[in-house]
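Worksheet: one structure, shown below.
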Amino acid sequence: MRTGILTKFNQKKNLWISKKHPLFMENSGFKTLYASALLMHTRLNNNANPLSNLELERLIIRGFQLTSKEMISMITLSKNVEMLVDEIIDALDTQRKKLLFYLDLMNMSISSVEISQEEQKSLDLFAELLSISPVEKEFISQFISASYHKQYEDCIQLFNQMESTGFPITLMDISYYMIEYTYQNRITPKDIYSGTTNYFSGDCLFEGTFYLSANTTIHISNALVKVEGNFVIDNGTLHIENSSIDFSSKKYIHKEDSYNAFLLVKNQGHVQLKNTTLQCAHNGGLLYQSDGISTIEQCTIKNTSMVPAIVSKGHTLSIQHSTFSHCFAKQKGGALFIKNGSAQVQNCIFTDCMAHYGGAIYANDRSMILGCSFEHCYATEYGSAIFYHGEIHSNVEKCNYTNCYPKENAIIQYIGEQLSSYTITKETSFTYSTIFDCPVFIDEFGIFSMEHATLYLHHHLVCYGIINLKKVKVREYHLEERDFFQLKTPKTCHFSNCEFDANGGHGIFYAVRARIRVSNCIFKNTAGGRAIYDAFMPVIDGCIFSYCEEGALYCNAGKITNSTFINCRGRSGAGIIMYGTRGQIENCHFQRCISEYSGGAIDMSGSRHITGCSFDECRPNNIS
C-alpha cells in the first residue's frame, strides 16, 4: 500500500494501532534479512520511493520493531540482490514462513494503480522459488485486495476458505494485514445458553462476567476477540482455539477474583487453549485455577502484570509448546505459580519474565518442567528462571537459560519450611542451587556432594559423615546459628574452589576434631566466629581469607600453604592461631592482619615450621 492514498494523519494512526508481525518472535538476523528482501522488492517500482512505502515502514517500525543498527544492515543487505535471494529462500524453511513472505510481497505492491511489471515479475519469481501454488497465489491476491479496500468480511470469508484447503496460517496471523479491523459481534452473559455448547467465531466483543456452570461450554474458534470482563468456569468448559484474544479491560470484576485473573477455574472446571494469542495488556493475570483441569498448547501469553500469568492451586495443569512474554509478578512466579496439584510444562519459551521468587516459574514438587527455554528472566531474590519448592530430582530437565539474573540462581530448589529437619543418610548429590530452610544433618553413613551451585543455609549444616563441595558458593539465608557448618568428627570433608560469604555475621566451620581439606577457596566477611575453628590437622592450600573479624584460622597443627590473609582482626593471631605439634605454614602472605595482644599474623604454640611467608602492615607483630 503506497502513501499516495492516505493522509499523513492516517499513516501515523495506522502505525500506532498496528499489531506486531506474525514472525515478530523470530531472531534479529532473520527479521533483518526478511525486511531486506522486501525492501529489495519495493525498489523495483520506479514510480515510488521505497522508503515512503507505508507497509514497509509499518513492518520495520511496528511489525518487527527493528533497531537503528538493524535498519542500517537491512539497507546494506538489500543492495546485493543475488546473495539476498539465495539467503532469504534458505531462511524461509517452513510453509508458513513462505506464505507470510508472499503475503508481505503482495502487501508491499498493491496500490490504487496497477502493480508494475517489474514487481509482478518479482512476485512470479518468488512464487516459483517458494513453490507457491496457483491456488495459494490467487487466495493471497484476493485477500490482500480485500484488506486494502477494508472489506474485512470478505477477508474472513477468504480466510475460512484458505483454512479449509490446509493453509498453515491462523486468523491471528492474517489480522496483521487488516489494520482497521473492528469487532462486530457484541456478546453479553444473556447470550449464553446454560447446559449447552455455545459456538463463536469471527470478530467478537465479550462484555460482562460469564459464568460457565455444569454442562455449559463456550467454544471460540478462528476468532478475533476483545474481552471486557471475565470468565468464571464453575464446573463448565471454556475452549478457545486458533484465535487472538485481547483482554484489554476489566470493566466487570467478579468478587472471587483474588488473583485479579481474567479466567477463574473452580469446581472441576475445564479450560482448553490451543494455538491462540492471549494479550492481557498489563491488566493483571490470565488464569486462576482453584480446582479443575487447564490445558494450554501452542499459545502465546503476554503482558501480564502484578500477579502471575497463571496460578494453579489444584488438580491438573498442562502447558506445551507455548510462549510467555513480559509476565511480571510482585511475589511468586512471573509467568506460572504452581502451588498445589500436578503440573507439566514442556517445550515452552519464557522471555522477559520477572518476580521476587522465580522470575518465570514458582513450582511445587509435583511439577515437571521439561525442555523449556528461559531468556531475560529476572528474580529480585532467588531463582531467576525457576524457584522449585521441594527436591527437583529429575523433574526439571533439558532446560536452557540465557541472560537470566542472578546468573548463579537460574534455578533453585527450596527444602524445608514444614520440615523439622533434613537428614542425609545415603549418597546424595545436588547440582542445583539450594535453599535449606531447616536444620540439615549428614549422619555417619551419609554422603553429601554439591558442584557448580549456590547453597543457602537458614540453619547450620551438621556433618558426621562425608561432605564434598566443589565450585559452590555458600551464603547465609537469615542464618540462626553462629556458624555455617558444624563438623563433628566427620569421616571426610573436602572443599575445593568454593566461596564462603558470611555477610558480616557468622563463622564458617566449627570443626570439632575434624580433619578437613580445603583448596582454592575464598572466605570473607566472617564475624562472631572464625572462618575455620578448631580443625584437627587441616590441609589448606591456595585459599584467601578476607575481612575475618574474629580471626581466620584456629587449628591443631595442620598444613597451610600458598594462602593469603587480608584485613583479618582478632584478640591474638588474627590470621592463624595454631597449637600442637607438626604445624606447617608455607608460602603464605599476610596483609593488615591486626591483633589486640600478640601475633598480628600468626600466634603459635608448640613446634612450628614457618617458611616463605611475607607480612605487610601486621600489628602488633608478625609472629608470636
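Quick caveat, the model's predicted, so the values are computed rather than measured.
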Derivation and outcome, side-chain contact (heavy atoms from CB on, under 4.5 Å), residues Ser294 and Leu317: CA-CA 5 Å; Ser294 295; Leu317 175 67; 3.8 Å; yes

Steps toward side-chain contact (heavy atoms from CB on, under 4.5 Å) verdict (Ile412, Tyr456): CA-CA 10 Å; Ile412 195 164; Tyr456 296 91; 3.6 Å; yes

Intermediate values then yes/no, side-chain contact (heavy atoms from CB on, under 4.5 Å), Ile577 and Arg530: CA-CA 10 Å; Ile577 294 180; Arg530 292 212 170 214; 3.2 Å; yes

Residue pair Glu596, Arg569: steps toward the salt bridge (charged side-chain N to carboxylate O under 4.0 Å, His left out) verdict: CA-CA 8 Å; Glu596 294 179 21; Arg569 302 291 184 269; over 6 Å; no

Derivation and outcome, side chain to side chain donor-acceptor pair (under 3.5 Å), residues Asp541 and Thr561: CA-CA 5 Å; Asp541 180 64; Thr561 57; 2.6 Å; yes

Val307/Phe337 under side-chain contact (heavy atoms from CB on, under 4.5 Å): CA gap, chis, key distance, verdict: CA-CA 9 Å; Val307 295; Phe337 175 25; over 6 Å; no

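Ring-plane geometry between Tyr357 and Phe387 is classed as perpendicular, the angle between the planes exceeding 60 degrees on a 0 to 90 degree scale with a lower cut at 30. Classification of the Phe615-Phe590 ring pair by plane angle, with boundaries at 30° and 60°, yields parallel. By the 30° and 60° cut-offs, the orientation of the rings of Tyr422 relative to Phe430 is tilted. Aromatic ring orientation, Phe495 versus Phe500: perpendicular (interplanar angle above 60°, classes split at 30° and 60°). Classified by interplanar angle (parallel below 30°, tilted 30° to 60°, perpendicular above 60°), the ring pair Phe350/Phe324 is parallel.
With ring centers used as reference points, Phe445 lies 6.0 Å or more from Tyr464.
Inspection of the Thr380 and His356 side chains reveals an N or O donor paired with an N or O acceptor under 3.5 Å. Checking Tyr414 against Asp365 by side-chain atom types alone, no donor-acceptor pair falls below 3.5 Å. Between the side chains of Tyr382 and Asn409, no donor N or O sits under 3.5 Å from an acceptor N or O. For the residue pair Glu408/Ser433, the side-chain donor-acceptor check at 3.5 Å is not satisfied. Donor-acceptor pairing under 3.5 Å is lacking for the side chains of Thr564 and His589.
The cationic atom of Lys31 (NZ for Lys, CZ for Arg) lies less than 6.0 Å from the six-membered ring centre of Phe24 and within 45° of the ring axis.
Contact detail for Gln289 and Ser312: the closest heavy-atom pair is NE2-OG, 3.3 Å. Nearest heavy-atom pair, Cys348 versus His321, reported as atom, atom and distance to 0.1 Å: SG-N, 3.8 Å. Here the closest heavy-atom approach between residue Leu479 and residue Leu457 is recorded as CD1-O, 3.6 Å. Across all non-hydrogen atoms, the minimal contact from Thr237 to Ile233 is N-CG2, 4.0 Å.
Judged by distance alone, the side chain of Lys332 and the main-chain N or O of Gly358 form no donor-acceptor pair under 3.5 Å. For the pair Thr428 (side chain) and Phe448 (backbone), a donor-acceptor distance under 3.5 Å is absent.
For the pair Ile540 and Ser563, the minimum side-chain heavy-atom distance is below 4.5 Å.
No option in Thr434, Asn395, Asn364 other than Asn395 meets the side chain to side chain donor-acceptor pair (under 3.5 Å) test with Tyr388.
With respect to the salt-bridge test (charged N to carboxylate O, under 4.0 angstrom), the residues Glu550 and Arg571 do not qualify.
Atom NE2 of His315 sits about 11.5 Å away from atom CG of Asn267, to the nearest 0.5 Å.
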